[in-house]
Amino acid sequence: MANEIILLLLIVVAGTGGELCVARTMQAVGPATDFRLAALIQLILRVLRIGWMWLGLLLMAVAFFSLLDMLSLENVSFVVPVTALRYGFGAAGGKVFLREQVTGKRWAGVLLVCIGVGLVLIGKR
Amino acid sequence: MKTSASSPSKIYLLIVLMVILGPVGNVLLGKGMKRIGAATAWNPVELLHFLEMLSRSGVIWLGVACLMAFFAVYMLVLSWADYSYVQLASAMAYGMVALLGHFLLGEVVTPLRWAGVLIICLGVLVVGHTPPRTTEQG
């Protein structure tokens, strides 16, 4: 059980951290508007020049391998919903790290997601 | 092909793609990992052996391909909408995972777990009624 808790924490914390870093990268790069191959390659090269992207990829790799290990221990219909806990971290991280304005309505959505995750956890027993 | 603006319909379409690709990828990974089993130790030799087994599984590769496609779509959406919006809107995928796990993998999903998944989706709907972007584009 301790192993599963550690894996869950790694999935949630490293996964959210990685996504925040990638989101920060995309904010810096700006919106994609040109979908020609040359433009897309240029966009990828611009993205890869940003340090946040590499940190994001590293954190997401940690979360990915933790997810794989967790999937070998538990059912996918349990593991994936439980990882929704990252939405709480995500909304908080979006507000603090990316300066997004998370409205009361969005927080209400986060609360519902967290209650849903709680039920999924209880439903396992 | 050149587009001038990120319309809400484009964002919704890409989120639908995310909701399909992510769960299918996760279900394939779950199927593959059930066959391979857990990593028994964290020393380098065991980890290399674990990675070798992963690399030999076609189902795992297919799952990874789906998740890579999911990631590409996700990056695109992130350049158009807020992280906290996209992340929550894509939570619809949790309902899809429970459905696929039940019908494709034969997993037992208790009524309480279904209720949890339903409330997660409800939370997503609440978020869907908030503006997609609250920050200036870079």
Side-chain angles (χ1 to χ4, degrees), chain A residues 3 16 19-20 22-24 26-36 39 47 60 64-65 67-73 75-81 84 86-87 90-91 93-95 98-103 105-106 108-124, chain B residues 1-6 23 26-27 29-31 33-34 36-39 54 60 67 74-76 78-80 82-85 87-88 91 93-94 97-98 100-102 105 107-127 129-131 134-135 137-138:
Chain A
N3 194 22
T16 310
E19 287 176 0
L20 284 168
V22 171
R24 185 154 193 161
M26 294 313 288
Q27 271 190 354
V29 167
T33 52
D34 192 345
F35 295 94
R36 286 170 296 193
V47 161
M60 287 171 95
F64 176 71
F65 284 107
L67 175 72
L68 282 185
D69 212 21
M70 186 85 166
L71 281 173
S72 66
L73 299 170
N75 285 341
V76 69
S77 60
F78 170 77
V79 175
V80 176
R86 65 167 60 175
Y87 293 119
K95 186 173 174 62
L98 303 176
R99 298 180 197 289
E100 293 175 0
Q101 288 165 20
V102 183
T103 61
K105 210 170 185 179
R106 250 187 231 184
V110 168
L111 185 67
L112 281 173
V113 166
C114 290
I115 291 170
V117 170
L119 286 180
V120 170
L121 279 170
I122 296 167
K124 182 176 180 278
Chain B
M1 180 173 66
K2 199 165 183 174
T3 58
S4 56
S6 50
N26 279 318
V27 165
L29 289 184
K31 194 178 172 80
M33 288 310 295
K34 278 288 183 300
I36 291 171
L54 287 180
I60 294 282
L67 289 180
Y74 176 69
M75 295 269 293
L76 203 57
L78 275 181
S79 73
W80 290 340
D82 276 357
Y83 170 75
S84 49
Y85 175 84
Q87 197 196 38
L88 276 154
Y94 292 102
V97 161
L100 292 177
H102 181 66
L105 303 181
E107 293 179 357
V108 177
V109 183
T110 61
L112 207 55
R113 201 184 292 180
W114 280 121
V117 169
L118 197 70
I119 291 176
I120 290 172
C121 292
L122 193 67
V124 172
L125 287 178
V126 171
V127 172
H129 284 91
T130 62
T134 61
T135 54
Q137 297 195 340

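Lettering of chains follows the sequences in order, A, B, ..., and the numbering in each one begins at 1.
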Determine the minimum heavy-atom distance between [X] and [Y], stating which atoms define it.
| X | Y | value |
| --- | --- | --- |
| A:Gly30 | B:Ser79 | O-CB, 3.9 Å |
| B:Gly37 | A:Ser72 | C-CB, 3.5 Å |
| B:Ile119 | A:Leu119 | CD1-CD1, 3.4 Å |
| A:Ala108 | B:Val126 | CB-CG1, 4.4 Å |
| B:Ala98 | A:Ser77 | CA-CB, 4.0 Å |

- CZ of B:Arg113 to CD1 of A:Ile122: how many Å apart, nearest 0.5 Å? 12.5 Å
- Query: How many angstroms lie between CD in A:Gln27 and CG in B:Leu78, if you round to the nearest 0.5 Å?
  - Reply: 9.0 Å
- Query: Does any heavy atom of chain B fall under 4.5 Å from the side chain of A:Leu67, the backbone, both, or neither of them?
  - Reply: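 Side chain only.
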- Query: A:Met70 versus chain B, heavy atoms under 4.5 Å apart: side chain, backbone, both or neither?
  - Reply: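 No part of it gets close to chain B.
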- Query: Considering only heavy atoms, which portion of B:Val109 lies under 4.5 Å from any heavy atom of chain A: side chain, backbone, both, or neither?
  - Reply: side chain
- Heavy-atom proximity to chain A below 4.5 Å, by part of B:Leu29: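 Contact with chain A involves both backbone and side-chain atoms of B:Leu29.
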- Task: May I ask you to decide if A:Asn75's main-chain N or O and B:Glu107's side chain share a donor-acceptor pair within less than 3.5 Å?
- Result: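 Checking the backbone N and O of A:Asn75 against the side chain of B:Glu107, no donor-acceptor pair under 3.5 Å is found.
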- Using side chain to side chain contact (heavy atoms under 4.5 Å, CB included) as the criterion, list what pairs up with B:Leu54, not counting sequence neighbours. A:Phe65, A:Leu68, B:Met33, B:Ile36, B:Phe50, B:Leu51, B:Ile60
- Item | Verdict with supporting geometry, B:Leu67 and A:Phe64, side chain to side chain contact (heavy atoms under 4.5 Å, CB included) | CA-CA 10 Å; B:Leu67 289 180; A:Phe64 176 71; 3.9 Å; yes
